[in-house]
2 protein chains.
Amino acid sequence: MGASKSESFSEEHNEMATLFKALSHPARIAIVDYLLSVDSCICGDIVNELPLAQPTISQHLKELKNANIIKGTIEGTAICYCINPDTIDKIENHFGVIRHKLKNKCC
Amino acid sequence: MGASKSESFSEEHNEMATLFKALSHPARIAIVDYLLSVDSCICGDIVNELPLAQPTISQHLKELKNANIIKGTIEGTAICYCINPDTIDKIENHFGVIRHKLKNKCC
DNA sequence: TTATTATATTGCAATATTACGATAAAACAA
DNA sequence: TTGTTTTATCGTAATATTGCAATATAATAA
């Protein structure tokens, strides 16, 4: 085996797992952090910020884009990436539900 | 190559990535969900809840435990697993910071 | 002691991820 | 047109993850 048996789980569980997987790499956390630290959303210099080669960063950006955590819009020769607030909302909400369920228990 | 260059990133980025990686599999999301749905924290029947073999579930539990997302205490022959609220707090807080930083921007 | 029950570990095969050099593609400038 | 800049894709090697059968361990019961 080796492949994850995702068909066996609910769509919601798979969706959340996909979001977390997109954030499960320090480079991708760093990219999100960088996007939050710059005033404008102009990017491309992410390559200069991180100790990774350009193809590697392009790959990480693609994964963040696929998971809808960031959005990218073409701006001439460059591409402007920015955080997608809707997805942040979705994840935050997930933890809100957990927190609520946790209130009435504990071992 | 192939190994993630984690030494190149900050401790905080690595820590968050590790937490998200622990949640990046539908089975582990389902386990967290199940732990939240049962009134008591008595477990072991997670094996009956999920379509995975016992060794596989044991492995997933171990990863959640290593990431401090769940805690396990021996209770006779069985083990009582439950959510670690501190770690949930930590993740929620991370998104709180993101949300705050997001407020004053957008492209 | 010998079962029984609950969980963990080992070993291995299948698959996925990470990283990067080389190269391609797309937009614009000269 | 040719050159430059920016980003994406291909190909491939190294490593990590997933899943499970078999087996081991630990606690209790008979």
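Below, read A as the first sequence line, B as the second, and so on, with proteins coming before strands; counting in each chain starts at 1.
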side-chain N/O [X] vs [N] OP1/OP2, d < 4.0 Å:
{"X": "B/T56", "N": "D/dG19", "result": "no"}
{"X": "B/K65", "N": "C/dA8", "result": "yes"}
{"X": "A/Y81", "N": "D/dA8", "result": "yes"}
{"X": "A/K5", "N": "D/dC20", "result": "yes"}

Rounding to a whole Å, what distance do you find between [X]:[atom1] and [N]:[atom2]?
{"X": "A/E63", "N": "D/dT9", "atom1": "CD", "atom2": "P", "result": "12 Å"}
{"X": "A/N66", "N": "C/dA16", "atom1": "CG", "atom2": "C1'", "result": "15 Å"}
{"X": "A/L50", "N": "C/dC20", "atom1": "CG", "atom2": "P", "result": "11 Å"}
{"X": "B/E7", "N": "C/dA19", "atom1": "CD", "atom2": "C1'", "result": "12 Å"}
{"X": "B/I57", "N": "D/dC20", "atom1": "CD1", "atom2": "C1'", "result": "12 Å"}
{"X": "A/N14", "N": "D/dT18", "atom1": "CG", "atom2": "P", "result": "13 Å"}
{"X": "A/I79", "N": "D/dT6", "atom1": "CD1", "atom2": "C1'", "result": "8 Å"}
{"X": "B/L64", "N": "D/dT18", "atom1": "CG", "atom2": "P", "result": "11 Å"}

Worksheet item: Given the rule that I, L, V, M, F, W and Y join up when any side-chain heavy atoms are under 4.5 Å apart, are B/V38 and B/L61 in one cluster?
Response: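 The answer is yes; both residues are in one hydrophobic cluster.
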Among the candidates [options], find the nucleotide nearest to the side-chain atoms of [X].
{"X": "A/H25", "options": "C/dT18, D/dT18, D/dT9", "result": "C/dT18"}
{"X": "B/A53", "options": "D/dA8, D/dC20, C/dG21", "result": "D/dC20"}
{"X": "B/A3", "options": "C/dA8, D/dT9, D/dT15", "result": "D/dT15"}

Fill in: 5'-most by nearest nucleotide on DNA chain D - A/L61 or B/Q59
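This one resolves to A/L61.
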Discussion item. Can you tell me how far apart OG1 (B/T18) and NE2 (A/H25) are? Round to the nearest 0.5 Å.
Written reply: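 It is 10.5 Å, given to the nearest 0.5 Å.
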Practice prompt. Calculate, to the nearest 0.5 Å, the distance between atoms CD1 and CD1 belonging to B/I98 and A/I29 respectively.
Written response: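 B/I98 atom CD1 to A/I29 atom CD1 measures 7.0 Å (nearest 0.5 Å).
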Worksheet entry | Residue closer to the 5' end of DNA chain C, A/H60 versus A/Q54 (nearest nucleotide) |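 Final value for this comparison: A/H60.
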Worksheet item: Start at the 5' end of DNA chain C and walk down; is the nucleotide closest to A/K21 or to A/P55 reached first?
Response: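 In this pair, the answer is A/K21.
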Item to complete: Identify the heavy atoms of A/T87 and A/A67 that sit nearest to each other, and give their distance.
Response: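 Where A/T87 meets A/A67 most closely, the heavy atoms are CG2-O, 4.1 Å.
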Worksheet item: Do A/F95 and A/F20 have ring centroids that are under 6.0 Å from one another?
Response: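 Between A/F20 and A/F95, the centre distance is under 6.0 Å.
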Worksheet item: With a 4.0 Å cut-off on heavy atoms, is A/L52 in touch with a base, just the backbone sugar-phosphate, or nothing at all?
Response: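 Contact class for A/L52: sugar-phosphate only.
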